[in-house]
Amino acid sequence: MLKVNGNYTRVSEFVIVGFPGLHPSFNQLVAWFFFFIYVTTVVGNILLVVLFALERSLQKPMYIIMLSLALSDIGFCTVALPKVIARYWWDDAGISFYLCLIQKQFIHYFGTLTSLIMMTMAMDKYLAICFPLRYTELMTNRTMSLLTALSWVSAMISPAITTIQSSQMPFCGPNRIIHCYCDTTSLNQLSCADISSQSRVSFSLAMFVLLLPFSFIVFSYVNIIVTVMRMANTQGRLKTFSTCATQGCIILIYYIPRFTVYATPYIPNLTMTPDLRIGLTILYSLLPPLLNPFIYCLRTKEIKASLAKWAYRGQSNAHHKPSIHPIAC
């Protein structure tokens with residue numbers, strides 16, 4: 001314990017519990033599960049980042065926002081997963097007070113950032129489908145870069161408010177965080193003071209950064225559906241619906257479980273077990289970053305063409321290696 005004043009002592013270290021109902025015999029399996037998700041997500045998104053950086057044909061507004069999403073996914077997984085992997089692999093569950101605050105800050109930062117990026121992606125698709133003749137005028141590389149930069153900067157505001165609040169709370173006893181990482185709800189519940197006002201602020205901020213982008217996304221997709229239904233070309237209509245349906249599923253996976261987790265404590269007679277809450281959090285936090293590289297590689301024609309070109313170059317280089325001949329003396 002770290003002495004703070006004469007009235008109480010502040011906890012100097014927290015313990016990441018993970019799934020409280022999980023039998024210890026499954027620890028290694030869970031560790032491998034999280035390790036697989038981490039490696040697959042990071043490798044897949046790094047491939048997209050390298051692809052966007054090297055291929056000039058992909059340096060367009062749509063791919064700028066995809067690049068931003070890939071970087072955000074890498075950041076979230078790198079902040080969230082190494083500690084829980086260590087907890088289940090080596091039983092290394094301890095995390096210092098200030099490191100927990102830093103992790104909490106970036107967990108919510110990347111969550112907010114992803115929400116803003118999804119809103120920007122919906123806006124890009126809305127302009128491309130509903131205003132195709134003006135799209136190149138309305139959405140340039142410069143405009144998309146400015147929107148992306150604004151998202152990366154503004155996403156820091158809401159998490160910073162709750163992190164400052166948490167840093168000023170007294171933590172004088174319980175130190176077991178019932179989650180796979182430090183987040184606002186799990187951390188604040190350990191405070192030995194009245195947290196009702198902080199909880200209201202945290203909930204209000206969470207709803208704002210989720211509902212505002214989600215409302216715009218719904219508005220965009222409703223207008224996209226109306227526009228697509230007016231298309232005379234049946235094949236084009238089906239292709240557009242197919243693309244939007246895939247992204248719509250990812251959006252629903254990201255938002256609906258998150259709303260459920262955040263709103264449950266405020267709905268009378270509705271309770272959620274810690275294991276279910278953590279499971280839903282893992283679902284909406286880790287499944288979209290895991291699936292995004294596969295979705296964009298398999299369903300985006302220009303990305304598939306770039307990957308095919310890379311594969312062809314690799315095969316050509318392998319078949320045309322210069323042979324080494326002995327030098328006659």
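The basis for the numbers below is simple: all heavy atoms, side chains too, and nothing from hydrogens, waters or symmetry mates. What you see is a predicted model; the values in this text were computed from it and never measured.
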Which donor-acceptor pairs under 3.5 Å do side chains of residues 259-269 form with protein atoms, sequence neighbours excluded?
residue : atom : partner : partner atom : Å
Thr260  : OG1  : Ile256  : O            : 2.9
Tyr262  : OH   : Arg258  : NH1          : 3.4
Thr264  : OG1  : Thr260  : O            : 2.5
Tyr266  : OH   : Ser199  : O            : 3.2

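Here Asn188 pairs with Ser166 under the side-chain hydrogen bond (donor to acceptor under 3.5 Å, both in side chains) rule; sequence neighbours left out. The ring-ring contact (aromatic ring centres under 6.0 Å, His included) check on Phe19 picks up nothing, with sequence neighbours excluded. Under the side-chain hydrogen bond (donor to acceptor under 3.5 Å, both in side chains) criterion, His108 pairs with Thr184, not counting sequence neighbours. Remark: Asn45 engages no residue in a side-chain hydrogen bond (donor to acceptor under 3.5 Å, both in side chains) (not counting sequence neighbours). Residues satisfying the side chain to side chain contact (heavy atoms under 4.5 Å, CB included) criterion with Val209, sequence neighbours excluded, are Thr112, Ser158. Asp91 meets the salt bridge (Lys or Arg N to Asp or Glu O under 4.0 Å) test with Arg87; sequence neighbours excluded. Residues that satisfy the salt bridge (Lys or Arg N to Asp or Glu O under 4.0 Å) test with Asp92, not counting sequence neighbours, are Lys83.
Without hydrogens or angle criteria, Ser191 side chain to Pro170 main chain gives a donor-acceptor distance under 3.5 Å. No donor-acceptor pair under 3.5 Å is formed between the side chain of Gln198 and the backbone N or O of Thr162. Using modelled atom types, no side-chain atom of Ser115 and backbone atom of Gly111 make a donor-acceptor pair closer than 3.5 Å. The closest donor-acceptor contact from the side chain of Glu13 to the backbone of Phe97 lies at 3.5 Å or more, if one exists at all.
Atom CD1 of residue Ile217 and atom OG of residue Ser215 lie 9.0 Å apart, to the nearest 0.5 angstrom. Once rounded to the nearest 0.5 Å, the distance linking OG of Ser186 with NZ of Lys104 reads 10.5 Å. Once rounded to the nearest 0.5 Å, the distance linking CG of Leu127 with OG1 of Thr136 reads 11.0 Å. The distance from the CZ atom of Phe214 to the CE atom of Met118 is 11.0 Å, given to the nearest 0.5 Å. Rounded to the nearest 0.5 Å, atoms CG (Leu147) and OG (Ser154) are 10.0 Å apart. Note: Asn175 CG to Ile95 CD1 = 12.0 Å, rounded to the nearest 0.5 Å.
Taken together through direct or relayed side-chain contacts under 4.5 Å among Ile, Leu, Val, Met, Phe, Trp and Tyr, Leu211 and Met123 form part of one hydrophobic cluster. No path of Ile, Leu, Val, Met, Phe, Trp and Tyr side chains, each step under 4.5 Å between heavy atoms, connects Leu210 with Ile157, placing them in separate hydrophobic clusters. By the rule that hydrophobic residues join a cluster once side-chain heavy atoms approach within less than 4.5 Å of another member, Tyr254 and Leu276 end up as members of one cluster. In this structure, Val30 is a member of the same hydrophobic cluster as Trp90, with clusters built from ILVMFWY side-chain heavy atoms closer than 4.5 Å. The hydrophobic clustering, which links ILVMFWY residues whose side-chain heavy atoms are closer than 4.5 Å, places Leu150 and Leu138 apart.
Counting only residues at least two apart or on different chains, no salt bridge (Lys or Arg N to Asp or Glu O under 4.0 Å) pair has a member in residues 132-151. Sequence neighbours left out, the pairs with a member in residues 71-82 that pass side chain to side chain donor-acceptor pair (under 3.5 Å) are Tyr38-Thr78, Ser72-Thr114, Asp73-Asn292. Among pairs with a residue in residues 145-164, none fulfils ring pair (Phe, Tyr, Trp, His ring centres under 6.0 Å), at least two apart in sequence or across chains.
Two residues are said to be in side-chain contact when any heavy atoms from C-beta on lie closer than 4.5 Å; Phe76 and Pro288 fail this criterion. Two residues are said to be in side-chain contact when any heavy atoms from C-beta on lie closer than 4.5 Å; Leu47 and Pro293 fail this criterion. With contacts defined as side-chain heavy-atom distances shorter than 4.5 Å, the pair Leu81/Cys180 does not qualify. With a 4.5 Å cut-off on side-chain heavy atoms, Ile107 and Cys182 do not count as touching. Val49 places a side-chain heavy atom less than 4.5 Å from the side chain of Leu67. Considering only heavy atoms from C-beta on, Met144 comes within 4.5 Å of Thr120 through its side chain. Residues Cys77 and Leu286 are in side-chain contact: their nearest non-hydrogen atoms beyond the backbone lie under 4.5 Å apart. Inter-residue side-chain proximity for Phe33 and Leu29 is flagged as unmet; no heavy-atom pair is nearer than 4.5 Å.
Grouping Ile, Leu, Val, Met, Phe, Trp and Tyr by side-chain contacts under 4.5 Å, direct or through others, leaves Leu133 on its own.
Between the side chains of Ser196 and Asp194, at least one donor N or O lies within less than 3.5 Å of an accepting N or O. A donor-acceptor contact closer than 3.5 angstrom links the side chains of Thr143 and Thr140.
Looking at every heavy atom in both residues, Ile250 comes nearest to Leu291 through CD1-CD1, 3.9 Å. Across Asp124 and Met139, no two heavy atoms sit closer than the pair OD1-CG, 3.5 Å. Closest approach of Tyr181 and Ser285 over heavy atoms only: OH-OG, 3.6 Å. A pairwise comparison of heavy atoms in Ser25 and His23 identifies OG-ND1, 2.8 Å as the closest pair. Here the closest non-hydrogen pair linking Val79 and Gln103 is O-NE2, 3.1 Å. Residues Thr40 and Leu290 share a closest heavy-atom pair of CG2-CD1, 3.6 Å.
Aromatic ring centres of Phe14 and Phe171: separated by under 6.0 Å. A ring-centre distance under 6.0 Å is not found for Tyr255 and Tyr284.
Ring planes of Phe35 and Trp32: perpendicular class, angle over 60° (limits at 30 and 60°).
At most 12 non-hydrogen atoms from other residues, nucleotides or ligands lie less than 6.0 angstrom from CZ of Phe106.
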* Assess whether ring pair (Phe, Tyr, Trp, His ring centres under 6.0 Å) is satisfied between Phe131 and Tyr126, documenting all intermediate values. => CA-CA 8 Å; Phe131 301 95; Tyr126 166 70; 5.7 Å; yes
* Audit row: Leu190, Ile177, side-chain contact (heavy atoms from CB on, under 4.5 Å) steps and yes/no -> CA-CA 8 Å; Leu190 301 179; Ile177 293 178; 3.7 Å; yes
